[in-house]
Each structure stands twice: as structure tokens, then as C-alpha cells.
Amino acid sequence: MKYSPGKIEKKWQKFWSLKKVYFSKNFSKKPKKYILVEFPYPSGAGLHTGHLRSYVAADVTSRFLRSKGNEVMFPLGWDAFGLPAENYAIKMGIQPQISTAQNIKNFKKQINSLGLSFDWSREVNTTDPEYYKWTQWLFLQFFKQDLAYEATSLINWCPKDKTGLANEEVVDGKCERCGTLVEKKEMRQWYLRITKYAQKLIDGLESLDWPEPVKLQQENWIGRSEGADIEFEIAGENKRVKVFTTRPDTIFGATYLVLAPEHPLLSQLKSNIRNWDQVSAYIHEAKNKTDLQRSALEKEKTGVELKGVSAINPATKELIPVWIADYVMISYGTGAIMAVPSHDVRDEQFAKRYKLPMRIVVNEKGKLISSGEFDNLDWQEAKKRITQKFGTSKIQYKLRDWVFSRQRYWGEPIPLIHCPDCGIVPVPEKDLPVKLPKVKKYEPTGTGESPLAAIESWVNVKCPKCGGKAKRETNTMPQWAGSSWYYLRYADPKNKKRFADLKSLKYWLPIDIYFGGMEHTTLHLLYSRFWNQFLFDQGLVPVSEPYKRRQPHGIILGEDGEKMSKSRGNVANPDAIIKQYGADTLRMFELFLGPHEQTISWNEKGVVGVYRFLQRSWSLVEENASSKNKDSEKAEFEIHKLIKRVEDAINDMKFNTAVSSFMEFINAVSEESISKETLKKFVVCLAPFAPHVSEEFWKMLGGKGSVTIQKWPVYDKVKLVSQTTEYVIQVNGKFRGNLTIARGSAEEKVKEEALKIDTVTNAIANAKIRKIVFVPDRLINFVV
RNA sequence: GCCGAUGUGGUGGAACUGGUAUACACGAGAGACUUAAAAUCUCUUGCUCGUAAGGGCUUGUGGGUUCGAGUCCCACCAUCGGCACCA
């Protein structure tokens, strides 16, 4: 018989599904492992080879851990609310409910054709009212704790998608989804107070087993800096300007102040400002610039002096000028700075351009000068004392509160009611979910109002508190809402009384390994940690950090080295490879491509190599299936080596080397006498990687039941150590020959044998041996 | 500008705590089988000098530590990712 994957794969997929092999139990006595992979956004384009990389890696890990005797939960669901799904539906001219259902069906089919061992009994779908009921309920917990609030402020607005965006969704000044330049717009929005958790989000990172670069990226995003708030008095007015600075020690060098063009003090000082025309023109200009424009022009800083206004430096008591400039941001700190041109490059540029005075107040040794009573102090000590005298110490974060409302149809309705008498009233728990009404027209309006606002029968409700006329909140939640807690629902997906039963959560959490993309580091990964920490503080979940270990994967680029996208036409679809070579080949090839966390260009050329390996394995198993061969010494050694190497590779997430190890094994034993028992061990090891063909091998070798639930073989350390060892012989550190000799031989003996080798003696020639470096059982180096 | 990562054959990549650099795979070349092709199998394959035996060189560049460096240290270059007038 020949290896023909097409025939066997469907058969085994059906078998696994029927026997529910991969369903996991709550409260099993076995040790639990919760393996999670970021759930997909079921787009219309279908699954591509990039998705598969982490699915396959997570699947191998899950299968391995089951085989090691753990109760493994490995669930999947659908993150189906949000912009792309809605845009796709608009483009196709169908309801998002319908297109989403179609896409999910298609994704599921593709996923199943890969033989991934997901536990489908725990499937969740963020757009299912039974699911988003709890998303809404959780939102109300934030609301009740004053962590969800409404405010009108300047937010990021995508003119193409016609919705507000969170800070995290703006990349290079463009919309993360569609790439359109983001504008600033003054709008009423819902916010989640993530800034209240800024410090906890930093602190929590420490205990986590995450790659350092990922932790660092989150930390930088949160952006803690320690400094001080200092107030400067406006001369002749009973008004003050508060500035934030990280270098209060340089206050004696603060020769002017700069306010952001949006600073509220400006309108209050209007009558004092002699050049108001000029100032208001500058304010207007700054308002119309996008963030990108504002920072793109970084070479030339611009600003306008407020003529007729000056401030008093609290340290020097000098009168200093006040300027406005758009290099100062209203959204960071206090929106105003004290400029110290001699110790800050930006202030220096500005001061040089506008000929403003500069004064050096810290010398090269880090001691203060020209600073009155603080002279000769070390700058760090001065920082403390000056803060004490002139201001208050302050910790500032770059993190902004999370803009949590979207003016779009396809999201969870925010479960609040606006009552003219009672104010904002939460929808009572018994009335949840607030279902998304089915409508004909759901295109974004572009007016800043959600399309839901136009549906009067839905919008007009009775106030739950007073029974009077009231209106529903019409904004919806962002795509990130449903994904901020989905890992909790998997623990108890059918619960009707709670988002998940606490006992089940206690059993499963935290997640042992979380597979996902690098691109979510400052989005989903940060958001969901925030939700979890909040829920932990409320006593609703048992752990403060949900993800014990994070395993990021590098993205797979198209063959042209560019990001895979439909418009570029470089999307690699897995279906064709499955059809030609089978799922097992594709699975192993995805892993074989390269290190899991490394970005890589897709290149199909190597697929055939993996296929050949499976074919050769097939021949080997077939030849030995009915034989009574015993293991040769080499075969015995090789199988123990294989078990160890594969096990180590999975633990270290070096899947590419695991695949190599299998190939090396087959190459090494193909000419050897090999027993059925040894082949069975090989097959159990192979099963996590190539489960379909492994089931077939298992049967051929007379194994019972599914190979995917067999116990992982144990390697014997003793068998890995052979009686002899091969020495490396060096002369002056240069390789000159090998020597095979009994393990544990004495240095004298090795030296004697080594000096019998021609290449060694030639290299030494007539020189005198000055020193011998001897590493037992490994190496001998003659220094001459 | 700041932070982080990476740099090894024609290509993807391997190398444990410093100890035979180039495992494994692709591609290429030669051969076997075949009427032929595909598939499969066998051999060769870092560069270089040499008919050969054998030698020299090689992990982005330049230094250093060491008996010995892809691996450790210093400086630089290139590429990728993140942040970005964040005071």
C-alpha cells in the first residue's frame, strides 16, 4: 500500500469527532493544563497559512501534554464582532449576522481539515446573545465601580470607518484597520478607566513567564515616568499654570513656559494677550493638523509668544515669557511645560529658533550650579528637595483611558439608558442581553451617531428606575470587548447564571500557555489583563493575571516578503497543499519553516521534503509491521535520543528542530533492524505532529485505541550514553582529528592514542608541547 | 531620536553550560529504474589552492578575552519590529 493522505485523513477526523477524544472535563483528578490560542476573526477570506502557525504549534503542545497525562483544555471560538466583519457584510450586501455565520462555517471546516484537537464542546461566539449578555454584564460592573464613564473630548476619528478609535488602534497616525489617516474630533464617548490600573498592569508583569521584549513593550506603552507637578504664577493675575516635569532639579534653568495650543488657560487670558490675532490663528492652525502632521514637521518647531503675559519662576522669582507651541501636547501631563533649553533638546531647538535665554544649572558631574541654596547638590538629591520645596511629586503615565464606544452597528450595545430625570441608568440584569436589533440599514452614518440611533422602536424605552420616557445608549462596544474575557467563558461556556462558575475558573485558571501574535501586545493582551485585574479586585475571578506564559509567533509574510493581503494577491491558502500533500504534511511544514517566534516569508518549495519524510516513515512501518525484528544497538540508541529531543523541543517551543529530529531518526534507522515496540514509541512521539498518519501507523503495528491518547514514552538516560566516546583532537585549538575510545579513559591513555594519529603528529611536527587541555570524554587540545 | 530583535552556504535554517560550524530540508549536479516522463532510490554539493595526498579561509565589519569564540566583552554597519516633540 502507498501513503495516500487523502484517504486516511477524513476517516480519522470523523473518528476523533465521533469519539469526542478531545473533550476536556472540569475537575478531573489529572493535573490540568489550559492551552489557549487567540481565537480567530472569521473574515471572508478564510483561513490562511499565517493563522495556522500558532494553531499547529498549540495543537502539538496540547496533544503532547495530553499524552503526558494531563487534563488539557484546548478550546476555540469566534471573535466575530467589529469593523472588518461589518465592512465585509456591507461590501457583500448581506446582513453581518448571516455573513458571520457563513464565515464561521467555512473557518471551522478548514480548521477541522487540519486535524486540530480543539475541544468544540466549549466553542464560544462573541456575537451570540448568550455570550454578549455577559460582556454587557461585565461592562456594567465597570460602570458601577466608576471605571466606565462618559466624557466629551478630542478623540481619534477614522473618516473612512466613520467611528472613534482607541489610542491603541492608531498606528503611525493611521487607522489600524483600514490605514486611513486619523483625524481629531471632539465627541461624546464612553471610556474605560484603564489608567487607574496603570501601575498594577506594570507590577503584574514581573511574575509572568513572558518573553522580555513583550513585557518591555507593554511597559513602554504604559510609559511610567516619575517627576513633579509645579505651579507657576501668572504675573499680575490670580492665576496659575501647572506643569509636569521629570527634571524638577533644573527649575533654576526654566527660562520660559510653553502651553499646548488647546490649553484652557488661553481663553481666560484672552484680554491680556496683546497679539491675540496671531495667537488665535496659531491655535486654529494646530487644531487642523493631524497628529502625524504635527510630528512629521519635527525639524522646525513653531510657536507664538503670548505678549503681555508672563509667569514667575518660583525658584528664581524672575519674570519669564509664556509661549504656545504645538510641540507641547494637551493630552500628556498638564498640557504645559517649564522649558529648560540647556537641559532638554526640544526646548533647546525652540529657544535657539526664537532667541530665548538659556542657563546651565547642572554641570558635567551631575552637580547643581547657579541654583541658589541647591548648588553643589547631586542632581538626584536636588530633584527630591526641589520637588519638596516648589511642587508635589507626581507619577505620570503615557497610557490614556480607553475610548470604549464605537459609532457602528456590529458590536455589543452598551447596556445603559439615558433618562432625563434619573440620568444614566444601567439596564437591569434581568433585561440582559440588550439584543442588537435586526435592521435593514446598518451602514455607519458618519455624523458621530451610531446607526442604532435611527431605530426609534429600539431606542425609546421606559426608564428602569422611574418608568418615565427614556432613550437607550446607541453606541456599541469595540471589537476588543468580547475578547477581553473569552478565556473565562471557556471554563464554563453554557452557564446561564454567571459568566462562568467560580469553581470551574479556579480549576482551570491561569492559562498555562497562551499562543498568539506579537501585534496584540499593546491591544488585546493589555486590555484583557486590565479586565482580569479588575474582575479579580471584585472577587469575580480567582487569579489576578490570566496568562502565565505567553508564546508569541512571528507573522508569516507572503512569498514576496510583504504582509499577506488580498489586495497584494500574496495570500497563501492552505487548502491546495492539503489537497496535494495532506494535512499532516502541511502541519509539519508550518513548524519546519523556522523558529516559531521569528517572522518568515512563506515559501512552498520545502513542502515536498516533509512529504517525503512521511512517505519514508510509511515504508519503514509497513516493512516492519509483521516482522519479529529486534532492535539493533543503534536503533535502540536512536529511539531514546528521539524521545528526549522531541520532548525538549516541545518544552522549549523549538518545533522546527523537533521536525528535524524525526527526519534524522528515520535516516538513521532505515537500514537498521528495528522492533515493533520501538516503532510504536516513534509513532506516539509523531502523533502530536502528524496525527492522521500516526493513527494509521498505530493500527498497522497492532496498537489498540487512538494513538493520540497513548502515554508518552519514557527515555532511558543510560541508553543515551554509549560505551565509547569520540574525542575531538585539537592542536592549538584547531581541529586535527577524531579518536573513538572507551568512555572514561584516562588523560594519559587518550594522549597516547591521539599522538598516534598522523594528522595530529604532522601538525605538532617538531614543536614542543607546552600544555594539554583535557575535557573528559570530549576533547584534548595540544598547545605547542 | 529612544527601546527591542536579528545578521551563519545558492535558499529556509541547526549548533546543549565557549569545545569537530554549516545538522535537517529545499535547490542544483551525476547515476539507477523506465520506451519516456513523473515518482522513487543512490552518490556529490560552504569557498578556495592542488592531478592527488593534503593545505588555507569562512558565522555582517573591526578589535578584545581565551588553549579554543557563531556563542562572552567593546566599537561600528545593515535589516526588521515597536514607540515617538511624552516634558
Side-chain angles (χ1 to χ4, degrees), chain A residues 2 171-173 211-221 223-225 227 243-247 250 258 260 291 294-299 301 325-329 331-340 343-347 349-350 396-400 518-519 521-522 554-555 557 561 589 592-595 597-610 612-613 615-616 619 645 648 652 654 656-667 726-738 758-759 762-763 770-775 778-784:
Chain A
K2 233 187 97 195
V171 178
D172 279 339
E212 282 308 317
V214 177
K215 286 191 189 182
L216 214 66
Q217 207 181 311
Q218 277 207 358
E219 216 178 299
N220 291 343
W221 182 264
R224 178 191 158 107
S225 29
V243 304
F244 171 73
T245 175
T246 53
R247 294 295 303 276
T250 62
V258 188
D291 269 6
R294 249 166 102 155
S295 55
L297 300 163
E298 68 186 83
K299 291 153 228 147
K301 290 193 183 7
D326 65 7
Y327 82 90
V328 174
M329 304 286 142
S331 49
Y332 183 76
T334 60
I337 61 159
M338 61 175 212
V340 186
H343 298 287
D344 182 287
V345 282
R346 295 151 308 178
D347 296 343
Q349 281 172 17
F350 192 77
Q396 182 68 46
Y397 301 91
K398 281 195 229 174
L399 189 71
R400 308 286 146 78
M518 207 59 189
E519 70 276 16
T521 303
T522 53
I555 46 170
L557 303 170
F589 179 65
F592 193 52
L593 269 174
E597 67 292 349
Q598 191 176 297
T599 303
I600 206 161
S601 296
W602 179 253
N603 186 343
E604 248 165 71
K605 275 191 184 147
V607 178
V608 67
V610 174
R612 284 179 192 148
F613 155 74
Q615 274 182 314
R616 295 174 68 190
S619 312
R645 287 176 72 181
D648 290 349
D652 298 341
K654 290 175 162 180
N656 53 331
T657 64
V659 175
S660 306
S661 302
F662 284 114
M663 292 171 170
E664 284 176 57
F665 174 79
I666 289 292
N667 292 346
E726 192 177 45
Y727 269 87
V728 171
I729 305 162
Q730 295 179 339
V731 176
N732 283 344
K734 199 156 246 178
F735 172 74
R736 292 295 171 184
N738 283 121
D758 285 352
T759 48
N762 287 346
R770 283 194 318 167
K771 188 178 167 189
I772 294 176
V773 179
F774 181 75
V775 184
R778 296 188 77 163
L779 170 137
I780 185 161
N781 184 12
F782 298 98
V783 185
V784 299

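So you know, we letter chains A, B, ... as the sequences are listed, proteins then strands, and number each from 1.
- Below 30°, between 30° and 60°, or above 60°: for A/Y332 and A/F244 the angle between ring planes is above 60°, a perpendicular geometry.
- At a threshold of 4.0 angstrom between heavy atoms, the contacts of A/S225 are confined to the sugar-phosphate backbone, with no base atom among them.
- Protein atom NZ of A/K215 is 21 Å distant from nucleotide atom P of B/C83, rounded to whole Å.
- Distance from the side chain of A/P213 is smallest to B/A5 among B/C24, B/A5, B/U20.
- Applying the Watson-Crick and G-U wobble criteria (two distances, each under 3.5 Å), B/C26 pairs with B/G10.
- The CG-C1' distance, from A/D172 to B/A84, rounds to 10 Å in whole Å.
- For A/K301, whose side chain is taken as the heavy atoms from C-beta onward, the closest listed nucleotide among B/C26, B/C85, B/C83 is B/C85.
- Evaluation of the salt bridge (charged side-chain N to carboxylate O under 4.0 Å, His left out) rule for A/K215 yields A/E212 as partners, not counting sequence neighbours.
- Atoms CD and CG, on A/Q349 and A/D344 in that order, are 9.0 Å from each other to the nearest 0.5 Å.
- Pair assignment for B/G4: B/C80, on the basis of Watson-Crick or G-U wobble contacts that are both within less than 3.5 Å.
- Residue-level contact check: A/K605 touches the backbone only, with heavy atoms under 4.0 Å from sugar-phosphate atoms and none from bases.
- Heavy-atom minimum distance, A/V243 versus A/T334: CA-OG1, 3.3 Å.
- Taking the C1' atom of each, B/A23 and B/U45 are spaced 15 Å apart, rounded to whole Å.
- Using the Watson-Crick or G-U wobble rule with both distances under 3.5 Å, B/C72 pairs with B/G64.
- Relative to the side chain of A/I337, the nucleotides B/C83, B/G82, B/A87 differ in distance, and B/A87 lies closest.
- B/U59 makes up no base pair with any nucleotide shown, lacking Watson-Crick or G-U wobble contacts both under 3.5 Å.
- For B/A39, there is no paired nucleotide, since no Watson-Crick or G-U wobble pair has both relevant distances below 3.5 Å.
- Taking the six-membered ring where the residue is Trp, A/F589 and A/W602 present perpendicular rings, their angle passing 60° and hence far from 30°.
- Between the C1' atom of B/G1 and the OH atom of A/Y327 lies a distance of 16 Å, rounded to the nearest Å.
- Proximity note for A/K771 (side chain, C-beta onward) versus B/U20, B/C67, B/A87: the nearest is B/C67.
- Map A/N732 and A/R247 each onto its nearest nucleotide of RNA chain B; the residue landing nearer the 5' end is A/N732.
- Of all the heavy atoms in A/I600 and A/L593, the pair that sits closest is CD1-O, 3.0 Å.
- Atom name P, nucleotides B/C73 and B/U66: the rounded distance is 16 Å, in whole Å.
- Between A/N738 atom CG and B/U20 atom P there is a gap of 10 Å when expressed in whole angstrom units.
- The same atom, C1', is picked in B/U51 and in B/C43; the two are 22 Å apart, to the nearest Å.
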Pairs: protein N or O with nucleotides 55-58 of chain B N or O, under 3.5 Å:
{"unit_1": "B/C57", "atom_1": "OP2", "unit_2": "A/K734", "atom_2": "NZ", "d": "3.1"}

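- For the C1' atoms, the distance linking B/C3 with B/C72 amounts to 23 Å, nearest Å.
- Regarding the sugar-base torsion, B/G9 falls in the syn class, its angle being within 90° of 0.
- At a cut-off of 3.5 angstrom, counting only N and O atoms as typed in the model, there is a donor on one side and an acceptor on the other between the side-chain of A/Q730 and the base of B/G19.
- In this structure, B/A53 forms no base pair with any nucleotide, since neither Watson-Crick nor G-U wobble geometry is met with both distances under 3.5 Å.
- B/A25 and B/G46 have their P atoms separated by 15 Å, given to the nearest Å.
- Rounded to whole Å, atom P of B/C24 lies 11 Å from atom CE of A/M663.
- Here CE of A/M663 is found 10.5 Å from CD1 of A/I666. Values are rounded to the nearest 0.5 Å.
- Atom pair A/Q217:CD and B/G82:P shows a separation of 8 Å (rounding to whole Å applied).
- B/A38 and B/C33 have their P atoms separated by 15 Å, given to the nearest Å.
- At a threshold of 4.0 angstrom between heavy atoms, the contacts of A/E212 with the nucleic acid are absent.
- For the OP1/OP2 pair of B/C26 and a distance below 4.0 Å, the side-chain nitrogens and oxygens of A/R612 include at least one atom meeting the criterion.
- B/G19 and B/C2 have their P atoms separated by 34 Å, with the value rounded to a whole Å.
- Side chain of A/Q218 to backbone of A/T521: a donor-acceptor contact under 3.5 angstrom is found.
- No engagement by A/R770 is indicated, since no non-hydrogen atom pair under 4.0 Å with the nucleic acid exists.
- Within the 4.5 Å cutoff, side-chain heavy atoms of A/M518 are placed close to those of A/V214.
- Atom P of B/G70 sits at a distance of 14 Å from the matching atom of B/G62, rounded to the whole Å.
- At least one side-chain heavy atom of A/L779 sits under 4.5 Å from a side-chain heavy atom of A/Q730.
- Of the nucleotides present, none pairs with B/C16 by Watson-Crick or G-U wobble criteria with both distances under 3.5 Å.
- A/Y727 is listed as a side-chain neighbour of A/F774, based on a closest heavy-atom distance under 4.5 Å.
- For the pair A/L557 CG and B/C80 P, the interatomic distance rounds to 12 Å; values are reported in whole Å.
- Out of B/C24, B/C85, B/G19, the shortest distance to the side chain of A/N667 is found at B/C24.
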Interface polar pairs with nucleotides 8-17 of chain B, N/O, under 3.5 angstrom:
{"unit_1": "B/G12", "atom_1": "O2'", "unit_2": "A/L593", "atom_2": "O", "d": "2.6"}
{"unit_1": "B/G13", "atom_1": "OP1", "unit_2": "A/Q598", "atom_2": "NE2", "d": "2.7"}
{"unit_1": "B/G13", "atom_1": "O3'", "unit_2": "A/N656", "atom_2": "ND2", "d": "3.4"}
{"unit_1": "B/A14", "atom_1": "OP1", "unit_2": "A/N656", "atom_2": "ND2", "d": "2.9"}
{"unit_1": "B/C16", "atom_1": "N4", "unit_2": "A/R778", "atom_2": "NH2", "d": "3.1"}

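- Looking at heavy atoms from C-beta onward, A/N732 lies in side-chain contact with A/V783 at the 4.5 angstrom threshold.
- Nucleotide B/C85 is matched to nothing when pairs are restricted to Watson-Crick or G-U wobble geometry with both distances under 3.5 angstrom.
- Atom pair A/L779:CG and B/U66:C1' shows a separation of 14 Å (rounding to whole Å applied).
- In this structure, A/Y327 and A/V258 have side chains that are in contact, with non-hydrogen atoms separated by less than 4.5 Å.
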